[in-house]
Amino acid sequence: MTIQATLFSFVNRWECDENDHLNVQFYFSRFEEADRQFRLISGLSETLVGARRVRHVRFHKELRTGDLITVQSSVAFDGPHMLTVIHELRDGGTGMLAATALDGYEPNASSAKNLRQRFSDFQTPMISEASPRGLSAGPAGLRATLPGVQSKGAQICYRGTVLPRDIGIDNKADDQFALSCCTDGVPHVWQRTPMTHSYLSENGFGRVAVEMKLTWATPLKTGDTVIVATGFTGVGPKTFSMRHHLFESRTGRLAATLDVVALTMDLEARKAVALPQEAHQTINKMLID
(Lines give C-alpha, C1' and ligand atoms only; values in the text may rest on other atoms or scores of the structure.)
Protein backbone atom coordinates (compact mmCIF):
# COMPACT_ATOMS: atom_id res chain seq x y z
CA MET A 1 0.00 0.00 0.00
CA THR A 2 1.11 3.58 -0.68
CA ILE A 3 -1.26 6.35 -1.72
CA GLN A 4 -4.84 5.79 -0.59
CA ALA A 5 -8.15 6.67 -2.26
CA THR A 6 -9.88 8.69 0.45
CA LEU A 7 -12.74 10.54 -1.23
CA PHE A 8 -15.22 10.19 -4.10
CA SER A 9 -17.40 13.26 -4.52
CA PHE A 10 -19.10 15.67 -6.91
CA VAL A 11 -19.44 19.45 -7.42
CA ASN A 12 -22.97 20.57 -6.58
CA ARG A 13 -24.37 23.72 -8.17
CA TRP A 14 -25.03 25.30 -4.77
CA GLU A 15 -21.34 24.97 -3.86
CA CYS A 16 -20.23 27.25 -6.72
CA ASP A 17 -19.72 30.97 -6.19
CA GLU A 18 -20.06 34.14 -8.28
CA ASN A 19 -17.11 33.01 -10.43
CA ASP A 20 -19.07 29.87 -11.40
CA HIS A 21 -16.56 27.50 -9.82
CA LEU A 22 -16.30 25.48 -6.60
CA ASN A 23 -15.91 27.85 -3.65
CA VAL A 24 -12.75 27.41 -1.56
CA GLN A 25 -14.66 26.46 1.59
CA PHE A 26 -15.87 23.31 -0.17
CA TYR A 27 -12.34 22.32 -1.21
CA PHE A 28 -11.50 22.47 2.50
CA SER A 29 -14.55 20.39 3.39
CA ARG A 30 -13.46 17.72 0.89
CA PHE A 31 -9.95 17.67 2.36
CA GLU A 32 -11.42 17.40 5.85
CA GLU A 33 -13.43 14.31 4.92
CA ALA A 34 -10.49 12.78 3.04
CA ASP A 35 -8.37 13.31 6.15
CA ARG A 36 -10.91 11.53 8.36
CA GLN A 37 -10.87 8.57 5.99
CA PHE A 38 -7.08 8.55 5.80
CA ARG A 39 -6.82 8.53 9.59
CA LEU A 40 -9.16 5.55 9.70
CA ILE A 41 -7.21 3.64 7.04
CA SER A 42 -3.70 4.44 8.29
CA GLY A 43 -4.18 4.65 12.04
CA LEU A 44 -2.82 8.19 12.20
CA SER A 45 -4.03 10.04 15.30
CA GLU A 46 -3.20 13.01 17.51
CA THR A 47 -1.99 10.56 20.15
CA LEU A 48 0.81 9.57 17.77
CA VAL A 49 1.66 12.82 15.98
CA GLY A 50 0.02 15.64 17.94
CA ALA A 51 -2.51 18.13 16.64
CA ARG A 52 -2.38 19.37 13.06
CA ARG A 53 -0.45 22.66 12.96
CA VAL A 54 -1.42 23.88 9.49
CA ARG A 55 -3.40 22.93 6.42
CA HIS A 56 -1.73 24.47 3.36
CA VAL A 57 -3.83 24.39 0.18
CA ARG A 58 -2.87 25.26 -3.39
CA PHE A 59 -5.45 25.54 -6.17
CA HIS A 60 -4.33 24.29 -9.60
CA LYS A 61 -7.49 23.92 -11.70
CA GLU A 62 -11.04 25.20 -11.52
CA LEU A 63 -13.83 22.75 -10.77
CA ARG A 64 -17.28 23.56 -12.14
CA THR A 65 -20.81 22.30 -11.54
CA GLY A 66 -21.09 18.58 -12.25
CA ASP A 67 -17.37 17.81 -12.13
CA LEU A 68 -16.35 14.61 -10.38
CA ILE A 69 -13.95 14.82 -7.43
CA THR A 70 -11.51 12.25 -6.11
CA VAL A 71 -8.90 12.60 -3.37
CA GLN A 72 -5.86 10.42 -2.72
CA SER A 73 -3.86 10.76 0.49
CA SER A 74 -0.45 9.68 1.74
CA VAL A 75 2.38 10.53 4.15
CA ALA A 76 5.48 12.37 2.91
CA PHE A 77 8.50 12.38 5.19
CA ASP A 78 10.34 14.65 2.75
CA GLY A 79 7.68 17.37 3.04
CA PRO A 80 8.08 20.73 4.80
CA HIS A 81 7.03 19.36 8.20
CA MET A 82 8.42 16.59 10.36
CA LEU A 83 5.36 14.60 9.30
CA THR A 84 3.39 15.81 6.27
CA VAL A 85 0.15 14.31 5.01
CA ILE A 86 -0.54 15.10 1.34
CA HIS A 87 -4.04 15.14 -0.10
CA GLU A 88 -4.29 15.28 -3.92
CA LEU A 89 -7.70 16.42 -5.14
CA ARG A 90 -8.34 15.62 -8.80
CA ASP A 91 -11.00 16.04 -11.43
CA GLY A 92 -12.47 12.55 -11.39
CA GLY A 93 -13.37 12.74 -15.06
CA THR A 94 -10.00 13.83 -16.46
CA GLY A 95 -7.57 12.90 -13.71
CA MET A 96 -6.16 16.45 -13.70
CA LEU A 97 -4.84 17.79 -10.39
CA ALA A 98 -7.28 20.47 -9.14
CA ALA A 99 -5.93 21.19 -5.64
CA THR A 100 -3.46 19.92 -3.08
CA ALA A 101 -3.40 20.12 0.71
CA LEU A 102 -0.44 19.65 3.03
CA ASP A 103 -1.32 18.84 6.63
CA GLY A 104 1.65 19.65 8.85
CA TYR A 105 2.47 17.89 12.11
CA GLU A 106 5.47 18.30 14.42
CA PRO A 107 5.68 15.18 16.59
CA ASN A 108 8.52 14.66 19.04
CA ALA A 109 11.79 14.42 17.14
CA SER A 110 12.70 11.24 19.01
CA SER A 111 9.71 9.47 17.47
CA ALA A 112 10.66 10.16 13.84
CA LYS A 113 12.21 6.74 13.18
CA ASN A 114 9.27 4.88 14.70
CA LEU A 115 6.80 6.97 12.70
CA ARG A 116 8.63 6.21 9.45
CA GLN A 117 8.30 2.52 10.21
CA ARG A 118 4.71 2.76 11.37
CA PHE A 119 3.53 4.62 8.25
CA SER A 120 5.86 3.04 5.70
CA ASP A 121 2.90 1.42 3.93
CA PHE A 122 1.31 4.85 3.38
CA GLN A 123 4.40 6.78 2.33
CA THR A 124 4.96 8.54 -1.01
CA PRO A 125 7.49 11.18 -2.12
CA MET A 126 6.51 14.82 -1.83
CA ILE A 127 5.05 16.19 -5.09
CA SER A 128 6.30 19.57 -6.28
CA GLU A 129 2.80 20.86 -7.10
CA ALA A 130 1.91 20.80 -3.40
CA SER A 131 4.97 22.71 -2.20
CA PRO A 132 4.29 26.11 -0.59
CA ARG A 133 4.96 28.92 -3.04
CA GLY A 134 3.49 32.27 -2.03
CA LEU A 135 3.20 31.46 1.69
CA SER A 136 5.66 30.04 4.22
CA ALA A 137 5.11 26.48 5.44
CA GLY A 138 4.85 27.14 9.18
CA PRO A 139 2.03 28.57 11.34
CA ALA A 140 1.57 32.35 11.27
CA GLY A 141 0.22 35.01 13.61
CA LEU A 142 -0.58 32.78 16.58
CA ARG A 143 0.11 35.53 19.13
CA ALA A 144 -2.09 38.08 17.41
CA THR A 145 -4.58 40.16 19.40
CA LEU A 146 -7.47 42.14 17.98
CA PRO A 147 -6.16 45.51 19.23
CA GLY A 148 -2.69 44.58 17.98
CA VAL A 149 -3.70 43.76 14.41
CA GLN A 150 -6.05 46.74 14.27
CA SER A 151 -3.23 49.05 15.31
CA LYS A 152 -1.29 47.81 12.27
CA GLY A 153 -4.16 48.49 9.90
CA ALA A 154 -6.26 45.30 9.90
CA GLN A 155 -9.99 45.98 9.79
CA ILE A 156 -13.04 43.95 10.80
CA CYS A 157 -14.75 42.44 7.76
CA TYR A 158 -17.05 39.81 9.32
CA ARG A 159 -19.07 39.02 12.45
CA GLY A 160 -20.92 35.80 13.08
CA THR A 161 -21.91 32.97 15.41
CA VAL A 162 -20.92 29.30 15.53
CA LEU A 163 -24.10 27.29 14.94
CA PRO A 164 -24.66 23.55 15.53
CA ARG A 165 -24.29 22.88 11.79
CA ASP A 166 -20.74 24.30 11.91
CA ILE A 167 -19.50 21.69 14.39
CA GLY A 168 -17.43 18.68 13.34
CA ILE A 169 -17.31 15.22 14.84
CA ASP A 170 -14.79 16.42 17.44
CA ASN A 171 -17.35 18.94 18.79
CA LYS A 172 -15.35 21.91 17.47
CA ALA A 173 -16.02 24.29 14.59
CA ASP A 174 -14.55 22.77 11.44
CA ASP A 175 -12.35 24.12 8.65
CA GLN A 176 -15.32 24.91 6.44
CA PHE A 177 -16.72 27.23 9.09
CA ALA A 178 -13.47 29.18 9.33
CA LEU A 179 -13.28 29.43 5.54
CA SER A 180 -16.91 30.52 5.24
CA CYS A 181 -16.33 33.41 7.67
CA CYS A 182 -13.34 34.59 5.67
CA THR A 183 -14.91 34.14 2.23
CA ASP A 184 -18.00 36.06 3.33
CA GLY A 185 -15.79 38.86 4.62
CA VAL A 186 -13.21 39.04 1.85
CA PRO A 187 -15.26 41.11 -0.65
CA HIS A 188 -15.18 43.88 1.96
CA VAL A 189 -11.38 43.57 2.08
CA TRP A 190 -11.11 43.98 -1.69
CA GLN A 191 -13.40 47.00 -1.37
CA ARG A 192 -10.57 48.82 0.46
CA THR A 193 -8.58 48.73 -2.77
CA PRO A 194 -9.26 50.24 -6.22
CA MET A 195 -10.48 46.73 -7.20
CA THR A 196 -13.95 47.41 -5.85
CA HIS A 197 -17.10 45.46 -6.66
CA SER A 198 -17.96 48.03 -9.33
CA TYR A 199 -14.50 47.83 -10.90
CA LEU A 200 -14.63 44.04 -11.08
CA SER A 201 -18.15 43.99 -12.51
CA GLU A 202 -17.40 46.62 -15.16
CA ASN A 203 -14.32 44.72 -16.37
CA GLY A 204 -15.69 41.18 -16.13
CA PHE A 205 -13.16 40.22 -13.46
CA GLY A 206 -13.48 37.93 -10.45
CA ARG A 207 -11.78 37.52 -7.07
CA VAL A 208 -9.73 34.30 -6.90
CA ALA A 209 -7.55 32.61 -4.26
CA VAL A 210 -4.61 30.52 -5.49
CA GLU A 211 -3.04 29.50 -2.18
CA MET A 212 -4.25 29.33 1.44
CA LYS A 213 -2.86 28.33 4.80
CA LEU A 214 -5.20 27.67 7.74
CA THR A 215 -3.78 27.59 11.27
CA TRP A 216 -6.02 26.84 14.24
CA ALA A 217 -4.94 28.44 17.53
CA THR A 218 -7.84 27.57 19.86
CA PRO A 219 -11.12 25.72 19.23
CA LEU A 220 -14.55 27.25 18.73
CA LYS A 221 -17.77 25.67 19.99
CA THR A 222 -21.48 26.10 19.42
CA GLY A 223 -22.68 29.54 20.51
CA ASP A 224 -19.32 31.28 20.27
CA THR A 225 -19.47 34.62 18.49
CA VAL A 226 -16.64 35.52 16.13
CA ILE A 227 -14.98 38.47 14.43
CA VAL A 228 -12.64 38.41 11.43
CA ALA A 229 -10.05 41.19 11.18
CA THR A 230 -8.02 41.24 7.97
CA GLY A 231 -4.96 43.05 6.70
CA PHE A 232 -2.71 42.89 3.63
CA THR A 233 0.65 41.14 3.93
CA GLY A 234 2.23 41.47 0.47
CA VAL A 235 1.72 42.57 -3.14
CA GLY A 236 3.24 41.67 -6.51
CA PRO A 237 2.55 42.29 -10.22
CA LYS A 238 -0.41 39.86 -10.40
CA THR A 239 -1.01 38.65 -6.84
CA PHE A 240 -1.39 40.05 -3.36
CA SER A 241 -1.65 38.39 0.03
CA MET A 242 -3.70 38.96 3.14
CA ARG A 243 -4.14 37.45 6.57
CA HIS A 244 -7.55 36.87 8.13
CA HIS A 245 -7.57 36.70 11.94
CA LEU A 246 -10.56 34.83 13.37
CA PHE A 247 -11.23 35.86 16.98
CA GLU A 248 -13.80 34.68 19.51
CA SER A 249 -15.39 38.07 20.13
CA ARG A 250 -16.50 37.82 23.77
CA THR A 251 -13.00 37.21 25.13
CA GLY A 252 -10.92 38.40 22.18
CA ARG A 253 -8.96 35.13 22.00
CA LEU A 254 -7.51 34.13 18.66
CA ALA A 255 -9.15 31.05 17.16
CA ALA A 256 -7.43 30.79 13.76
CA THR A 257 -5.54 32.60 11.04
CA LEU A 258 -6.00 32.16 7.31
CA ASP A 259 -3.25 33.37 4.99
CA VAL A 260 -4.34 33.89 1.39
CA VAL A 261 -2.66 34.62 -1.93
CA ALA A 262 -5.22 36.20 -4.26
CA LEU A 263 -5.44 37.49 -7.79
CA THR A 264 -7.87 39.02 -10.26
CA MET A 265 -9.18 36.70 -12.98
CA ASP A 266 -10.70 37.56 -16.35
CA LEU A 267 -13.94 35.57 -16.13
CA GLU A 268 -14.22 35.11 -19.89
CA ALA A 269 -10.62 34.09 -20.61
CA ARG A 270 -10.35 32.34 -17.18
CA LYS A 271 -6.83 33.80 -16.81
CA ALA A 272 -5.12 35.99 -14.23
CA VAL A 273 -4.69 39.66 -15.09
CA ALA A 274 -2.12 42.13 -13.78
CA LEU A 275 -3.08 44.33 -10.85
CA PRO A 276 -3.75 47.96 -11.75
CA GLN A 277 -0.80 50.12 -10.73
CA GLU A 278 -3.07 52.12 -8.45
CA ALA A 279 -4.09 48.91 -6.64
CA HIS A 280 -0.45 47.87 -6.24
CA GLN A 281 0.40 51.23 -4.67
CA THR A 282 -2.67 51.27 -2.43
CA ILE A 283 -2.13 47.77 -1.05
CA ASN A 284 1.57 48.43 -0.52
CA LYS A 285 0.67 51.33 1.79
CA MET A 286 -1.64 49.14 3.91
CA LEU A 287 0.67 46.17 4.68
CA ILE A 288 0.41 44.94 8.27
CA ASP A 289 3.57 42.76 8.21
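Source: prediction; values computed, not measured.
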Taking the side chain as everything from C-beta on, heavy atoms only, tell me whether Val57 gets closer than 4.5 Å to Phe31.
yes
So does Gly148 get a backbone contact from the side chain of Ser151, meaning a donor-acceptor N/O pair under 3.5 Å?
yes
Determine yes or no for a side-chain-to-main-chain donor-acceptor pair under 3.5 angstrom, with Asn23 supplying the side chain and Phe26 the backbone.
no
Go through the steps to decide whether Arg58 and Thr100 satisfy the test side-chain hydrogen bond (donor to acceptor under 3.5 Å, both in side chains), and finish with yes or no.
CA-CA 5 Å; Arg58 288 189 60 202; Thr100 52; 5.7 Å; no
Student check: side-chain heavy atoms of Arg36 and Ile169 closer than 4.5 Å:
yes
Other residues, nucleotides, ligands: >12 heavy atoms within 6.0 Å of Arg64 CZ:
yes
Indicate the atoms forming the closest heavy-atom contact of Met286 with Thr193, along with that distance.
CE-CG2, 4.5 Å
Between the side chain of Glu88 and the main-chain N/O of Ile86, is any donor-acceptor distance below 3.5 Å?
no
Check whether Ser9 reaches the backbone of Ile69 with its side chain - one donor and one acceptor, N or O, closer than 3.5 Å.
no
For Pro219 and Lys172, work out which heavy atoms get closest and say how close.
CB-CD, 3.3 Å
Test item: Arg52 side-chain N/O and Glu46 main-chain N/O as donor-acceptor pair under 3.5 Å:
no
Check whether any side-chain heavy atom of Leu83 lies under 4.5 Å from a side-chain heavy atom of Phe77, and answer yes or no.
yes
Without hydrogens or angle criteria, can the side chains of Lys213 and Thr257 be said to hold a donor-acceptor pair below 3.5 Å?
no
Scan side-chain atoms only and decide if Ser249 and Thr225 contain a donor-acceptor pair under the 3.5 Å cut-off.
yes
Does any non-hydrogen side-chain atom of His56 lie less than 4.5 Å from one of Leu135?
yes
May I ask you to decide if Ser198's main-chain N or O and Ser201's side chain share a donor-acceptor pair within less than 3.5 Å?
no
Within the side chain of Glu211, is there an N or O that forms a donor-acceptor pair under 3.5 Å with the backbone of Gly134?
yes
For a quick check under 3.5 Å, do Asn12 and Glu15 share a side-chain donor-acceptor pair by atom type?
yes
Less than 4.5 Å apart, any side-chain heavy atom of Glu32 and any of Arg55?
yes
Using only heavy-atom distances, determine whether the side chains of Arg243 and Thr233 contain a donor-acceptor pair under 3.5 Å.
no
Can you hop from Val24 to Leu258 via hydrophobic side chains spaced under 4.5 Å?
yes
In short, Leu220 meets Asp224 closest at the heavy-atom pair CA-OD2, 3.6 Å
Between Pro187 and Arg207, is there a side-chain heavy-atom distance shorter than 4.5 Å?
yes
Can any side-chain N or O of Glu62 pair as donor or acceptor with the backbone N or O of Leu22 at less than 3.5 Å?
no
Connected hydrophobic set around Leu146, excluding itself, where side chains approach under 4.5 Å:
Val149, Ile156, Ile227, Phe247, Leu254
What I want to check is whether the side chains of Thr251 and Glu248 have a donor and an acceptor closer together than 3.5 Å.
yes
For the residue pair Phe28 and Phe59, does the interplanar ring angle fall in the parallel (under 30°), tilted (30 to 60°) or perpendicular (over 60°) class?
tilted
Testing the basics here: between Arg253 and Thr218, what is the closest heavy-atom pair and its distance to 0.1 Å?
NH1-OG1, 2.7 Å
Can Leu142 be reached from Trp216 by stepping across I, L, V, M, F, W or Y side chains whose heavy atoms are under 4.5 Å apart?
no
Over all atoms of both residues, closest heavy-atom pair of His81 and Ala137
CE1-O, 3.3 Å
Side chain proximity check, Leu115 to Val49, heavy atoms < 4.5 angstrom:
yes
Can you confirm whether more than 12 heavy atoms, excluding those of Lys61, are under 6.0 Å from its NZ atom?
yes
Tell me, please, which residues at least two apart from Ser45 pass side-chain contact (heavy atoms from CB on, under 4.5 Å).
Thr47, Leu48
Can you establish whether the number of heavy atoms outside Glu33 located under 6.0 Å from its atom CD is more than 12?
yes
No-hydrogen, no-angle side-chain donor-acceptor test under 3.5 Å, Thr230 and His245
no
Donor-acceptor pair, Arg30 side chain versus Leu89 backbone, under 3.5 Å?
no
Quick one: do Val71 and Phe122 end up in the same hydrophobic cluster if we chain Ile, Leu, Val, Met, Phe, Trp and Tyr together by side-chain heavy atoms under 4.5 Å apart?
no
Do the side chains of Val186 and Leu246 join up, straight or via other hydrophobic residues, at under 4.5 Å, putting them in one cluster?
yes
Testing the basics here: between Met242 and Ala262, what is the closest heavy-atom pair and its distance to 0.1 Å?
CE-CB, 4.3 Å
From the list Leu263, Thr264, Asp17, Leu267, side-chain contact (heavy atoms from CB on, under 4.5 Å) partner of Val208 resolves to Leu263
Side chains of Phe119 and Leu44 in contact at under 4.5 Å (non-hydrogen atoms)
yes
Counting only N and O atoms by type, is there a donor-acceptor contact under 3.5 Å from the side chain of Asp266 to the main-chain atoms of Glu268?
yes
For Trp190, the ring pair (Phe, Tyr, Trp, His ring centres under 6.0 Å) test, sequence neighbours excluded, returns Phe240
Answer yes or no: does atom CZ of Arg118 have more than 12 heavy-atom neighbours from other residues, nucleotides or ligands under 6.0 Å?
no
Would you check if there is a donor-acceptor pair between the side chains of Arg90 and Thr70 at a distance under 3.5 Å?
no
